[in-house]
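Scope of the values below: all heavy atoms of this structure, side chains included, with no hydrogens, waters or symmetry mates. In this text the structure is predicted, and so the values were computed from the model without any measurement. FYI, the numbering just counts along the sequence from 1.
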Amino acid sequence: MGSYCNESYAEFLDSLKAAGVVIRNESEVRERLAESQRWRSAFMTLAANGRTIGIEFHVNGEGSDPRAVQRVMAEHAFPAEKEAAFIAQLTADR
């Protein structure tokens, strides 16, 4: 349940990293997503609120491509508004 396509959260995270996204405390992210039946929802919660537990997502200046991140999220069945929210969070000044 909770799966819209055959890709796993692990493939999704690996694809995000290939698109230039840096994941701080990646092992915690992977552990939490592994425990969730609805890993997409869990991911969005971690992206929005993970800083309190040391989880952060940001782009590595030179290697990042917002369009590539958008493609990754679309390929893994994230709604467009979730894609936009995540990309906005990635590019926001911290």
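Note: Leu16 CG to Leu90 CG = 8.0 Å, rounded to the nearest 0.5 Å. To the nearest 0.5 Å, atom CD of residue Glu75 and atom OG of residue Ser15 are 6.5 Å apart. With rounding to the nearest 0.5 angstrom, the CZ atom of Arg67 is 11.0 Å from the CD1 atom of Ile87. Summarising the geometry, atom CD belonging to Glu31 is positioned 9.5 Å from atom CG belonging to Asn25; distances are rounded to the nearest 0.5 Å. Between atom CE of residue Met73 and atom CD of residue Glu83 there is a gap of 6.0 Å, rounded to the nearest 0.5 Å. To the nearest 0.5 Å, atom CG of residue Asp14 and atom OG of residue Ser8 are 8.0 Å apart.
No single ILVMFWY cluster, assembled from side-chain heavy atoms under 4.5 Å apart, contains both Val22 and Val59.
Within the 4.5 Å cutoff, no side-chain heavy atoms of Gln89 are placed close to those of His58. In this structure, Leu33 and Leu13 have side chains that are in contact, with non-hydrogen atoms separated by less than 4.5 Å. Taking the side chain as every heavy atom from C-beta outward, Asn49 and Ile55 never approach each other to under 4.5 Å. Arg40 places none of its side-chain heavy atoms less than 4.5 Å from the side chain of Met44.
Between Glu28 and Arg32, at least one side-chain nitrogen of the basic residue sits less than 4.0 Å from a carboxylate oxygen of the acidic one, meeting the salt-bridge criterion.
Between Phe78 and Phe86, the gap from one ring centroid to the other reaches at least 6.0 Å. Checked against the 6.0 Å centroid criterion, the rings of Phe43 and Tyr9 do not qualify as a close aromatic pair.
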Stepwise side-chain contact (heavy atoms from CB on, under 4.5 Å) check, His76 with Trp39: CA-CA 11 Å; His76 288 83; Trp39 66 263; 4.2 Å; yes
